Amino acid sequence: MAKKNDLSAKPVKSLNAEEAAAELERLARLIAKADGAYYAEDRPTMSDAEYDSLRRRNALIERDFPKLKRADSPSDKIGAAPSMKFEKSPHAVAMLSLDNAFDDEDVTEFDARVRRFLKIEAGAPLAFTAEPKIDGLSLNLRYVNGELANAATRGDGAVGENVTANVLSVPDIPRTLRGAPETLEVRGEIYMSHSDFKALNALLEKDGDEPFANPRNAAAGSLRQIDSAVTASRPLRFFAYAWGEISAPLADTQTGAVARLKEFGFSTNPLMMRCRSVDEMLAHYSVIEKQRAGLGYDIDGVVYKVDRIDYQERLGFVSRSPRWAVAHKFPAEQARTILEAIEIQVGRTGALTPVARLKPVTVGGVVVSNATLHNQDEIERKDIRVGDTVVVQRAGDVIPQIVEVVTDNRQPGARKFKFPDSCPVCGSHAVREEGEAVRRCTGGLVCAAQAKERLKHFVSRGAFDIEGLGEKQIEAFFDAAIVTEPAQIFTLEKRQKSGDVELYAYKTKADGSLALNKEGAKQPTNLKSVENLFAAINERREPALDRFINALGMRHIGETNARLLARHYGTFSALQTAAIEAGAEGPAYDDMLSIDGVGALVAGGVIEFFKEDHNRDAVLRLLEEVTPQEMKIAQSASSVAGKTVVFTGSLETLTRDEAKAQALALGAKVSGSVSARTDYLVAGPGAGSKLKNAQALGVHVLTEEQWRDLIGA
Ligand code: IVH
């Protein structure tokens, strides 16, 4: 509460000159401190709203007392632009994530999947490694001729941040290696031990700085320092567990390769073990789980990897994760708290999702104040009422969930929640279709919430991924009616230059965000960040076709399906033409369904989208601004690139999955059914109707051996 002589509570109008000077001094100090915490520490100390109000007050005082403006006035300062904070560092080999397994059954299924793919019978030998999954952040270390040449964070998997200067002080990271291949990329996890984390937080608190929420954040915040001297003062550690580009293989097995990493001088995890069966894997999981609390660093599961590297190579990858590894997560952490309110959020397809607002509680080191409630039925099934004590759980990066209500001491005041039958944002009817779990707003185009969510999806990571244009900026731009549809993102610069809009960044943050000036200043005062945003937007004028398709946000089309469509059609106009031609039947429809992985639901999503005039119009306006690239299928020199292949019958040397994956990797399209557009039918013993069909249509039929010759396998 404001004290009597507390200037901060006094309206600017009633300050005298002396008080104004004192206030300007106080504000400069506070803002500089907040900036430091934000840009340099990855750890904001105040909310955006608080920060903004400080700057606003500073500007108002300066306006009334221009002579008192300080030499170090915050109004003249610009925060560090994110893109300049770290250089970008493209990865020679993509840095992927791992699929998760949550119980023993998932692990058994993983083993079975690998066996099916490799055609290894149950009972035949197949070894895996099992090791702790370190809860830190992954890092790629590139050594050339034994010298550390580059260190990069994972970033989006394709491009990371160059943190070379910062890792030089990490004792677990050797600067030179002896006996290493000419090019060697070592991958592993940067983390902070519990004791170091506690000591660091104590130090920060002593200096009046905000402590980190958990060791992972502390490790990330410490690594991502602009000043490498600060990183050097932070006790970071590193475990090596994988590799990226290498000019010569390290070993034949995962076990052997990790042993080599150890010989080179890296720390490797002592709990890694070679297992010869699922039982051994699960037993080792229990061993690691029992040791978890005493390890001194955070782990969140156990990673299993196929030991033989030739197998790993055959297994390859599906979208973002390898087929040869899986992360067996530890059970979620739980805590009890009070459900204070239930709010409804409207998603991009109009789905009304109830969100629980909770009394903040720490669950496994992270403060949780929101949890998803999924839908109406879930609330009813669990009989969740506002005011209840609930058990919340958090598992990995997923949104926290409410497991159950603690009913033994239910408060008499706990109220049942009445699910709305109209959209809380636009007021349109919200209907629940037969057999659907969700209630949807019928507002479509008139619903601001849907439009906003669509825009957020449009700029998201797997779509246009525009640096400095995230959810917050979309909110601000949408509310100010500056960007209400995708095409308008790309006309921002033109409109700014012609004076139609005024973007003025009074705050540029470490994540590149640009906030709108709510005070309506005439002059953009931070042109640099506005220019940075335009540059980032312009960088995206030729998006990859799959990203472009994903960005449109058609029902049932996410990253994976967008990629399938992009691969099949090659160009956006081919997709659009096909979607318009394809009713619910006919050759265009059959062709779409012939894409392996595309069923009626997905096809329906595409077709329905293009049926709507307003969607076609919005796409047209967008295409005036951006040009999706052609998906170059012929990237590989393979003779099967661009060809459509169908596999039937049983195969001898390969499994069906493996054959498909191989064909896709060579740029072929794999289809599940034979049509006039099929180029090859690879028929093994037992082939039936597909073979007959192919013969009738004059499709080229190959034996497995002929196919292998064709692809040079
Ligand atoms: S192997 C191709 N091994 O988990 C994937 N990852 O969820 C190679 N991680 O991005 C990763 N401990 O940051 C592997 N022992 C371990 C790991 C580990 C932690 C992280 C890594 C990865 C993430 C995937």
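What you see is a predicted model; the values in this text were computed from it and never measured. Heavy atoms only: backbone and side chains are in, while hydrogens, waters and symmetry mates are out.
- Of the inter-residue distances, the one linking I61 atom CD1 with L68 atom CG reads 9.5 Å to the nearest 0.5 angstrom.
- At least one side-chain heavy atom of I344 sits less than 4.5 Å from a side-chain heavy atom of P420.
- Between L455 and F477 there is no side-chain heavy-atom pair separated by less than 4.5 Å.
- At least one donor-acceptor pair under 3.5 Å links the side chain of T153 to the backbone N or O of E161.
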Are V167 and L148 close enough, and set up right, to give a side chain to side chain contact (heavy atoms under 4.5 Å, CB included), and what steps lead you there?
CA-CA 10 Å; V167 305; L148 178 62; 4.0 Å; yes

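- Not a single donor-acceptor pair under 3.5 Å links the side chain of D172 to the backbone N or O of R237.
- Side-chain contact between L200 and M192: present, with at least one pair of heavy atoms (C-beta onward) separated by less than 4.5 Å.
- Between E475 and K456, at least one side-chain N (NZ, or NE/NH1/NH2) sits under 4.0 Å from a carboxylate O, which counts as a salt bridge.
- Side-chain atoms of E189 come within 3.5 Å of backbone atoms of G136 as a donor-acceptor pair (strictly under, hydrogens ignored).
- For R175, the CZ atom counts as loosely surrounded, since its 6.0 Å shell holds 12 or fewer non-hydrogen atoms of other residues, nucleotides or ligands.
- Looking only at distances, a side-chain donor or acceptor of Q488 sits under 3.5 Å from a matching main-chain atom of T484.
- Within the model, atoms CG of N162 and CZ of R142 stand 12.0 Å from one another, a figure rounded to the nearest 0.5 Å.
- Counting heavy-atom neighbours within 6.0 Å of K497 NZ, excluding the residue itself, gives a total above 12.
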Take V368 and T337 through the test side chain to side chain contact (heavy atoms under 4.5 Å, CB included) and record every step on the way to the result.
CA-CA 10 Å; V368 169; T337 189; over 6 Å; no

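- With hydrogens and angles ignored, the 3.5 Å screen pairs a side-chain donor or acceptor of N166 with a backbone N or O of Q225.
- Side chain of T362 to backbone of V367: no donor-acceptor contact under 3.5 angstrom is found.
- Residues R541 and N538 have side chains that bring a donor and an acceptor to within less than 3.5 angstrom of each other.
- Taking the six-membered ring where the residue is Trp, the centroids of Y191 and F239 are separated by under 6.0 Å.
- Distance check: D300 CG to D135 CG gives 4.5 Å after rounding to the nearest 0.5 Å.
- Side-chain contact between R57 and V12 is present, with heavy atoms from C-beta onward closer than 4.5 Å.
- Within the 3.5 Å criterion, the main-chain N or O of R348 finds no donor-acceptor partner in the side chain of E453.
- Judged purely by atom type and a 3.5 angstrom limit, N201 uses its side chain to pair as donor or acceptor with the backbone of F212.
- Taking 4.0 Å as the cut-off between side-chain N and carboxylate O, R234 and D196 do not count as a salt-bridged pair.
- Across R187 and V93, no two heavy atoms sit closer than the pair NH2-O, 2.5 Å.
- When every heavy atom of S193 is checked against every heavy atom of Y297, the shortest pair comes out as CA-CB, 4.3 Å.
- With contacts defined as side-chain heavy-atom distances shorter than 4.5 Å, the pair P174/L141 does not qualify.
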Run the side chain to side chain contact (heavy atoms under 4.5 Å, CB included) check on L552 and L622 step by step: do they pass?
CA-CA 10 Å; L552 297 181; L622 179 59; 4.2 Å; yes

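- Salt bridge absent: E23 and K10 never bring a charged side-chain N and a carboxylate O closer than 4.0 Å.
- Side-chain atoms of V363 and Q334, non-hydrogen and from C-beta on, never get closer than 4.5 Å to each other.
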From CA spacing to verdict: side chain to side chain contact (heavy atoms under 4.5 Å, CB included), R357, N370
CA-CA 5 Å; R357 303 289 175 214; N370 302 313; 2.7 Å; yes

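- Contact detail for I402 and A371: the closest heavy-atom pair is CG1-CB, 4.0 Å.
- For T231 (side chain) and S222 (main-chain N/O), a donor-acceptor pair under 3.5 Å exists by modelled atom type.
- To the nearest 0.5 angstrom, R63 atom CZ is 12.5 Å from N58 atom CG.
- R154 and H91 make their closest contact through O-NE2, 3.2 Å (heavy atoms, listed as atom of the first residue, atom of the second, distance).
- The existence of a salt bridge linking E625 and R621 is excluded, since no basic side-chain nitrogen approaches an acidic carboxylate oxygen closer than 4.0 Å.
- A heavy-atom distance below 4.5 Å is not found between the side chains of I299 and K133.
- Comment: K494 does not engage D500 in a salt bridge, judged by the lack of any side-chain N to carboxylate O separation of less than 4.0 angstrom.
- Put simply, CG on L373 and CD on Q401 are 10.0 Å apart, with the number rounded to the nearest 0.5 Å.
- Distance check, rounded to the nearest 0.5 Å: CG of L358 to CD1 of I342 gives 10.0 Å.
- Contact detail for I173 and Y143: the closest heavy-atom pair is CG2-OH, 3.7 Å.
- N550 and H457 make their closest contact through O-NE2, 2.7 Å (heavy atoms, listed as atom of the first residue, atom of the second, distance).
- S73 contributes no side-chain N or O that, together with a main-chain N or O of R70, makes up a donor-acceptor pair within less than 3.5 Å.
- Looking at heavy atoms from C-beta onward, L295 lies out of side-chain contact with H194 at the 4.5 angstrom threshold.
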